[in-house]
Amino acid sequence: MIDIKRLREEAAYRVGIERKRVRAGLIDEVLAADEARAALARKVQELRTLQNAASKEIGKASPDERPAKIEAAAALKTELHALEPELTVLEARVRELALQLPNPADASVPDGGEDDSVVLRVFGEAKAAPPLDHADYAERMGFVDTDHGAQASGSRFAYVMREAVFLEFALVQWIMQRLAGEGFVPVVPPVLVRESTMEEAGFFPTDRAQVYEVDGGELYLTGTSEVPLSALHRGDVLDPDELPRRYAGFSSNFRREAGTYGKDTRGIFRVHQFDKVEMFSFCNPDESWDEHERLLAIEESILTDLELPYRVVNIAAGDLGPAAAKKYDLEVWLPSEGRYRESHSCSNYLDYSARRLNTRVRGVDGNRLAHTLNGTACAVGRMLVFLFEHYQEDNGAFVVPEVLRTYTGFERVEPFK
RNA sequence: GGAGGGCUGACUGAGUGGCCGAAAGUGCUCGCCUGCUAAGCGAGUAAGGGGUUACAAGCCCCUUCGAGGGUUCAAAUCCCUCGCCCUCCGCCA
């Protein structure tokens, strides 16, 4: 949710919104609707002042004065009742319109759309494709079974099996330990949440088409633990001394992937269900940009420790999600496709999400909305895809990345005959 | 699934129709006191919004006592719906 007051008063705020893809005229509609709302609200407020005063007098009045005073107050009540429903309608209208406005893009975000994102740096060598691409290799090794996945559940479902399972656990364990060491609170959150939680986290109404509905619409399966993690401080006033509060959530994630037919159909690169460790941070409003860089640094260190070649991209304004003021993607080199593919992303939401969640930070002269940030620590399925190509030997053996060996208990997997 | 009890400010907790935005305490802020360490005394301290104004202070007003709706001139207090917590019974990984 945007800040309507700032939209009204700060030119830069408005420009930040316009740099994203916003329906022409929407901003002015919001402002006009809010203006109408405010005018009526003032009128209603005046009436309420009179009514409250009148009621108070009745309490103090003597028994024989009462009937006349009650009658007068009742007249005011009738007048109020005529206006209040109208105000409710106007308020709902403002809210509905304002929810469609995205968080303004930060000044450091490049203009334009998907093709205008800026590569900030490149790390490691882009190497040649291995004998088998990740999908064929994983099937051959018995790591992934998409055929039976499709039979049991449909396309974009897979069984992850054998050593790949231990590899998955090793990734999760390694990352969780490391994040805990950096002050993140480890969390296994609920993956089924109510509608209101989806709304407050900013996923409804915009992303509704991507979400699985359960129990006749009572609950929804989360597509990222960002949703339950953000709800962790819903309505809270946080102590500034205890910030940032960092959480590392591990969960299975469910996405309908509507509108991606025919895209990324190989292997488990893009599936309906995958496990992920997500970082989430609540911080002081004036520290969120530092925190954003910190999350990025953690993500980069994970990739460098796994010795995967990657690049860092500053996503252009038109390609940003509604909530992000700025987003970095990390893209790992996928040899079989000969291009970089997204492995991590890392967003600063500023106060956009906190406004709806009503998560604040206590301050000496008033409380301020907290800033929230989130970033991928490890999207396990996709990480396996990268590992299947980068750690595949010419003879077909799989070598376990050094940092994971204490967690897997084995160093390599011999080729499947 | 059944029965009952509860949800009040950063926190604990009183308050069953008007004198309650709300006692008391904790915490916090400021001042005083004290040479001695989670000591004492005093004052202040809910949030969000609007008006006035210098988008200051101050002052005035509105809304908010889990959420939403209702009754009433008037609701933290009464009624309804929903959510959550607790206790007991049943069932169960």
Side-chain angles (χ1 to χ4, degrees), chain A residues 1-14 30-31 33-96 98 188-201 204 214-220 227-228 231-243 245 282 284-285 351 354-370:
Chain A
M1 176 76 131
I2 57 127
D3 186 337
I4 295 184
K5 196 173 171 187
R6 290 185 66 189
L7 176 62
R8 205 186 307 127
E9 294 169 357
E10 294 175 33
Y13 196 83
R14 182 181 178 129
V30 171
L31 289 174
D34 189 54
E35 198 47 58
R37 191 218 93 242
L40 185 61
R42 274 191 286 273
K43 207 181 293 177
V44 167
Q45 191 179 309
E46 275 171 39
L47 274 175
R48 281 181 182 153
T49 306
L50 295 176
Q51 227 242 337
N52 287 344
S55 292
K56 233 170 205 149
E57 272 185 51
I58 293 168
K60 294 176 197 146
S62 65
D64 29 303
E65 298 179 316
R66 283 199 178 191
K69 290 191 180 244
I70 288 179
E71 203 175 317
L76 284 167
K77 178 193 177 180
T78 313
E79 206 175 330
L80 250 182
H81 273 32
L83 286 182
E84 275 173 339
E86 203 182 322
L87 181 60
T88 308
V89 169
L90 289 182
E91 282 170 345
R93 167 108 182 115
V94 170
R95 189 180 152 77
E96 186 198 328
V188 178
V191 296
L192 285 164
V193 300
R194 353 163 171 281
E195 187 172 34
S196 60
T197 305
M198 280 293 193
E199 279 173 5
E200 285 165 354
F204 279 3
V214 166
D215 198 18
E218 285 291 296
L219 292 167
Y220 298 85
V227 175
L232 223 34
H233 289 300
R234 184 198 118 90
D236 284 357
V237 179
L238 302 172
D239 185 339
D241 296 338
E242 289 171 16
L243 295 175
R245 296 184 71 138
F282 297 87
N284 265 309
D351 62 9
R355 183 167 291 108
R356 237 188 293 189
L357 290 160
N358 196 22
T359 301
R360 289 157 295 165
V361 178
R362 189 188 334 288
V364 268
D365 32 51
N367 300 333
R368 292 183 296 167
L369 288 168

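Lettering follows sequence order; numbering is per chain, from 1.
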For this session: Find the partner of B:G25: check Watson-Crick (N1-N3 plus N6-O4 or O6-N4) and G-U wobble (N1-O2, O6-N3) distances, both under 3.5 Å, and reply none if neither fits.
Result: B:C11

For this session: Taking atom P in both B:U81 and B:G44, compute the distance separating them and give it to the nearest angstrom.
Result: 44 Å

Exercise. Do any side-chain nitrogens or oxygens of A:R194 fall under 4.0 Å of OP1 or OP2 in B:C84?
Worked result: yes

For this session: For B:C7 and B:G31, measure between their P atoms and round to the nearest Å.
Result: 39 Å

For this session: Please measure how far the P atom in B:U72 lies from the corresponding atom in B:C89, and state the result in whole Å.
Result: 44 Å

For this session: Would you give a per-nucleotide map of nucleotides 55-75 of chain B, 5' to 3', where B means the base has a protein non-hydrogen atom under 4.0 Å away, S means only the sugar-phosphate does, and - means neither?
Result: ------BSS--------SBS-

Problem set entry | Shortest non-hydrogen separation from A:L31 to A:R14 and the atoms involved | CD1-NH1, 3.8 Å

Problem set entry | Strand partner of B:G4, provided both Watson-Crick or wobble distances fall under 3.5 Å | B:C86

For this session: Just jot down the side chain to side chain contact (heavy atoms under 4.5 Å, CB included) partners of A:E218, sequence neighbours excluded, or say none.
Result: A:D215

Report all side-chain donor-acceptor pairs from residues 38-48 of chain A shorter than 3.5 Å, counting only partners two or more places apart or in another chain.
from: A:R48; atom 1: NE; to: A:E84; atom 2: OE2; distance (Å): 3.3
from: A:R48; atom 1: NH2; to: A:E84; atom 2: OE2; distance (Å): 3.0

Problem set entry | Same-atom distance (P) from B:A46 to B:C41, integer angstrom | 22 Å

Seminar exercise, completed: For A:D3, the salt bridge (Lys or Arg N to Asp or Glu O under 4.0 Å) test, sequence neighbours excluded, returns A:R355

Exercise. Under a 3.5 Å cut-off for both distances, is B:A76 Watson-Crick or wobble paired, and to whom?
Worked result: none

For this session: Kindly write out the residues that satisfy side chain to side chain contact (heavy atoms under 4.5 Å, CB included) with A:P240, not counting sequence neighbours, or none if the list is empty.
Result: A:N284, A:V361, A:R362

For this session: Quick one: look up who B:G17 pairs with, Watson-Crick or G-U, both distances under 3.5 Å, and put none if it's unpaired.
Result: none

Exercise. Is a side-chain donor or acceptor of A:T359 paired with a backbone partner of A:A370 at a separation under 3.5 angstrom?
Worked result: no

For this session: Pick the C1' atom in B:U77 and in B:U34, then give their distance to the nearest Å.
Result: 46 Å

Exercise. Does B:C41 have a Watson-Crick or wobble partner in any strand here, with both distances under 3.5 angstrom, and which is it?
Worked result: B:G31

Exercise. Hey, which of A:R95, A:R8, A:R93 is the one that makes side chain to side chain donor-acceptor pair (under 3.5 Å) with A:D34?
Worked result: A:R8

Exercise. Within this structure, what is the NZ-to-P distance between A:K43 and B:G50, rounded to whole angstrom?
Worked result: 18 Å

Exercise. When you compare B:G50 with B:C55, how far apart are their P atoms, in angstrom units rounded to a whole number?
Worked result: 14 Å

Exercise. Between A:R8 and A:R360, which is nearer to the 5' end of RNA chain B once each is assigned its nearest nucleotide?
Worked result: A:R360

For this session: Please give the nucleotide sitting opposite B:U53 as a Watson-Crick or G-U wobble pair, both distances under 3.5 Å, or none.
Result: none

Problem set entry | Between P of B:U45 and CG of A:N367, the distance in whole Å | 16 Å

Exercise. Say you pick atom C1' in B:A67 and the same atom in B:U52; how far apart are they, in whole Å?
Worked result: 34 Å

Seminar exercise, completed: Sequence neighbours excluded, the answer for salt bridge (Lys or Arg N to Asp or Glu O under 4.0 Å) partners of A:E57 is A:K69

Seminar exercise, completed: Pairing partner of B:A93, by Watson-Crick or G-U wobble and under 3.5 Å for both distances, is none

For this session: Using the P atom on both, measure B:G66 against B:C60 and round to a whole Å.
Result: 28 Å

Exercise. If you pin A:E57 and A:R42 to their nearest nucleotides in RNA chain B, which one's is more 5'?
Worked result: A:E57

Seminar exercise, completed: For B:G48, the nucleotide meeting Watson-Crick or G-U wobble distances (both under 3.5 Å) is B:C62

